[in-house]
Amino acid sequence: MRDLHGATTVLLGPQRNAPTVGAALARLGLGGGPVAAVTAGWEEREAEDLELGEHLERPVVNLGLHERAEEVFQHDPGLYEALREHRERLRELERLYRLRLRYLAPAAEELLRREGPEDLMGPERQAAFAQLRDLDEHHLGRVWALEEELREGQRLATRADLEGHRRDLASQVAEARALLIAGGHVGVLYNHLRLFDLLDLVPPTLPILAWSAGAMVLAEKIVLFHDAPPQGRGWAEVFGPGLGLCRGVVLLPHASHRLELDDPVRVQMLAQRFPDSLCVALDEESELVWDGHAWTGSAVTRRLGPRGTLEPVGTVPGSVR
Amino acid sequence: MTALRDWIEGGDLSSASVEAFLAAHAFPLVEGRQVTFVFHGRARHVFLQHWIQALPQQQSLVRVPRTDLWYLTLDLPRNSRIEYKLGVDAGGGHAQLIRDPLNDQLAHDPFGANSVVHTEGYAVPDWTQPDEHARPGTLELRAVPSRAFGGDREIEVYLPARYRPRRRYPLLVVHDGDDFLRFADLKTVLDNLIHRLEIAPLVCALTTSPDRLVEYANDERHASFVVDDLVPYMETGFSIRSQPASRGLLGASFGAVASLSTAWHNPGVFHRMCLLSGSFLFTDIGEHEGGPTFDPVVEFVNAFRKAPGLPARQLFQSCGVYEPMITANRSMLPVFQSTGMRVRFVEARDGHNWQNWRDRLREGLSWLFPGPLWMVYE
C-alpha cells in the first residue's frame, strides 16, 4: 500500500448537479496536463465520461477498470468463476450479519430514545453500542479473511493477465497530474480497484480526488446507509473493508437525502457506532482535504456529532496511510 | 367541526359573515378525525356522495338556519383519502352530482374527476411528483402482432433513462397501461423510483385492452397474447432478461384479475406479480351479486381457489379498506399464502381508485424489483 504522507487527498460530495471537482483540482495548482480517472462504479457506462472532461477542461485518461475486468474474465473463466463463488459467499455472510444486526440496531436506537435516569440507562446504551461495534468488527474481519483467501487462492497479485494490465495502468497513472475516482456502485468500484491493486500503482505524491462512492472506498471500512428505504427501517451496515487509504473517517455521501439528519437519535446511531471515526456528511459542495497532516472540511462540510447534532468538521488531525 | 360551530355560535349569520367564514378556511374542514363537508348555495337538498364501503354512501348535509350554508361532519380515521362528490337538488327534485366548489383538490379517473380530501397523516407522496433531478425515461408506441387476438395490438413501452442495449433489463407487463400513465402518474413514479435507486431500471410493456371487462376476465386469448405474443415481442425488440425471475405482471381491479389469470394459466413464466385491489369476487355457495360482467371472474376465482397451483413466486397484493373488494382480497390472502409464494399484503385507508393504486407502487415495485439503493452513491 502506498504511503500518502505529503500527498493531498480530496474527498468530495456528489458531482452530478453541482460539480466541484474542477475547482478542487484548480486549487491544487497542478498546471495543465491529463488526469487519470476511474469511473468503474458507473459499470457499463464507464466510458461515458464526456461531461467530466468538459467540466475539467483538460484531458481525462479513463483507466477503464470495468472494461479491463470484463476482458480479464473473458480470457480467464476460472478466475471469473472463483470471483462469482466468492461473491456468493459474501452475500451469505451478509445475510448472517443482517440477521444479527436487525436485532441489535433497533435495541440500541430504542435505548437512545427511552428516557430514564442516566445511571440506569447509560451503561445499557454503552453495552448496546459495544455489541453493535463488536458485530461490525466481526463482520469486517470475516469479509477481510474471505478476501485474503481469494487473493491467495487465485494468486491475484501475480496472475499474468492482471500483471499486464497493472503495467499498463502504472504507465498511464505515471503521466497523470492527479487521480480521480468517481462514485457509482461502491461494491463494483471497490472490487475493480482491488483486482488491479490500483492504489499500489499510484506514485506516492500524486494527488487523489474522489467523490461519493469513490471517497467511500478509500476509507478503512465501507459503511452502507439509508434511514428510510422503501421497505422498513434502514440500519447502516458495514459492507466490508475499504482500501484503507484514509484512516479514521466514515464517509456518508448524499447524507441529507439518505439520512434523517434532523433526528438527533438517528445521527447518534451512526456517530456512536463509529466513535473513533470522523463521520462526515458528504453532501453536494462538501469537501474534505487531507494535506499530509490533518483533515480540513470546507465551510459547508459537516460531521455527525455524538450528541446527535451536525457540526462543522473544521480541522482534525488524522491519518492517512 | 370546531371552526364551523364557533362561527355559528358567534351569532352573525349574515351573508357577509358567511363569505368571510368561507374565505378564512380551506374546505372540507379537517380537524383531527372530524371532516366537515360544506356547500354554499341555494338548494332544496344537498348530500355527500362517497364510495366508502360500510358507510351510507349518500349522506345529507344540514343547512345552517337563515343561511345558504350546508354542512356534514364525518368521523374519519387518520391517513384516509376520500374521493367524493356533492349531490345538489336546486329545487327541481332532481339532484346533480358536482365536484365540491370549495375544494380544488381533484382526483382524475377514466370517468372524469372527483373531489378529494385527505385526513391528517396523509400526504401526497413526494415520489409521485415530478423531480427535476430524475432523469426521464422514454415512452415508445409499438404495434404488437397478435395471433391470440388477430391483428396488431398497440402498446406503449417505457424505457428507463440511460437505457443501454448492452445491458439486460427486467420486464414488467402493465395492464390498463394508458390509465396507469394518465391517472396514476406511472411514468413519473418509475422515473423517480429508478432515480432514487429504489427500483431496478426496468422496461415496461404498457398494454391497453379495447374491451377490458371481457378480455381481463380470465379470457384465455389475453393470457395467450401476453405470454405468446407480447413477451417474445419485447424480448426480441428490447434488451430484456429472459428469465422468469425478471418478469412481472401489474394490474389493478380487473387488471389484477387479468394478471392473476395470465400467471395461473402459465405458471413459471412470471415470478413477480403486483395485484392492486383485485376484483376477486368469488362464491362459496349461491349466486354472486356482481352482475353478468363478473360471471367469468367468479368462475375463474372459484377455480383458482380450488387449485391455485404456483402462479408466481413473489406477490405484492394491496387493497383499500374503504372499497367493496376488501373482503374478497382479505379472503384471497390465505389462498395466495398457501401456494408457497412470498406474499406481502398491504391495506390502505383509501378506495377503489387510481391514486390509491399510485400510492402503492413504491412499496410494491421496490419489493418486487429492488433497486441498488444500498450500493450506489453517485
Side-chain angles (χ1 to χ4, degrees), chain A residues 12-19 39 41-48 66-67 70 91 94 98 181-191 210-217 222-232 234-240 251-255 257-258 282-284, chain B residues 123 125-128 131-136 159-169 189-190 192-202 239 241 272 274 314-316 318 342-346 348 358-378:
Chain A
L12 301 166
Q15 294 295 299
R16 182 183 160 208
N17 298 318
T39 58
W42 301 351
E43 302 176 81
E44 77 281 358
R45 294 183 291 103
E46 177 182 62
E48 297 174 18
H66 192 267
E67 191 180 343
E70 294 289 310
R91 269 195 286 273
E94 184 182 82
R98 285 178 177 164
I181 306 177
H185 192 294
V186 70
V188 170
L189 181 58
Y190 171 79
N191 288 336
W211 59 92
S212 294
M216 293 168 80
V217 297
I222 297 170
V223 176
L224 310 178
F225 59 97
H226 200 296
D227 277 350
Q231 309 293 331
W235 307 107
E237 297 173 4
V238 171
F239 173 67
L251 301 161
L252 307 166
H254 299 276
H257 292 295
R258 301 176 73 103
L282 276 184
D283 283 312
E284 283 183 359
Chain B
D126 60 356
W127 48 266
T128 67
D131 176 352
E132 62 176 327
H133 296 309
R135 294 180 176 95
L159 298 178
R162 304 195 291 189
Y163 170 82
R164 296 289 180 278
R166 277 183 65 191
R167 185 174 181 171
R168 299 272 165 190
Y169 296 84
V189 168
L190 291 171
N192 288 346
L193 296 182
I194 291 169
H195 166 68
R196 295 177 180 210
L197 311 168
E198 294 183 0
I199 64 172
L202 45 77
S239 192
R241 283 189 216 135
R272 298 167 205 282
C274 188
Q314 196 175 345
L315 164 64
F316 180 86
S318 82
R342 291 174 63 208
V343 181
R344 180 167 292 195
F345 179 59
V346 170
R358 175 199 68 186
D359 289 359
R360 307 282 81 75
L361 289 172
R362 180 188 188 222
E363 192 170 0
L365 295 181
S366 69
W367 188 59
L368 295 169
F369 296 97
L373 181 67
W374 283 91
M375 297 305 297
V376 173
Y377 304 77
E378 281 193 338

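Just so we're on the same page: letters track the sequence lines, and every chain starts at 1. A quick note: this is a predicted structure, and the numbers were derived from the prediction, not measured.
The NE2 atom of B:His133 sits 8.0 Å away from the CZ atom of A:Arg16 when rounded to the nearest 0.5 Å. Taking CZ of A:Arg258 as the reference point, atom CG of B:Leu197 lies at 7.0 Å (rounded to 0.5 Å). Distance check: A:Ile222 CD1 to B:Met375 CE gives 7.5 Å after rounding to the nearest 0.5 Å.
Interface with chain A: from residues 363-371 of chain B, residues B:Glu363, B:Ser366, B:Trp367 qualify, criterion being any non-hydrogen pair under 4.5 Å.
Looking at heavy atoms from C-beta onward, B:Leu373 lies in side-chain contact with A:Pro230 at the 4.5 angstrom threshold.
With sequence neighbours left out, the ring-ring contact (aromatic ring centres under 6.0 Å, His included) criterion links B:Phe345 to no other residue.
The candidate with the highest count of non-hydrogen atom pairs below 4.5 Å against chain B, out of A:Glu44, A:Arg45, A:His254, is A:Arg45. Heavy-atom pairs under 4.5 Å with chain A peak, among B:Trp127, B:Tyr377, B:Trp374, at B:Tyr377.
Of the two parts of A:Phe225, the backbone and the side chain both hold a non-hydrogen atom closer than 4.5 Å to a non-hydrogen atom of chain B. For B:Arg344, the part lying near chain A is the side chain, with the backbone staying farther off; criterion is any non-hydrogen pair under 4.5 Å.
Within a 6.0 Å radius of CD in A:Glu67, no more than 12 heavy atoms belonging to other residues, nucleotides or ligands are found. For CZ of B:Arg166, the number of neighbouring non-hydrogen atoms (other residues, nucleotides, ligands) closer than 6.0 Å is 12 at most.
The pair A:Glu43-B:Arg164 fails the salt-bridge criterion, with no side-chain N (NZ, NE, NH1 or NH2) lying under 4.0 Å from an Asp/Glu carboxylate O.
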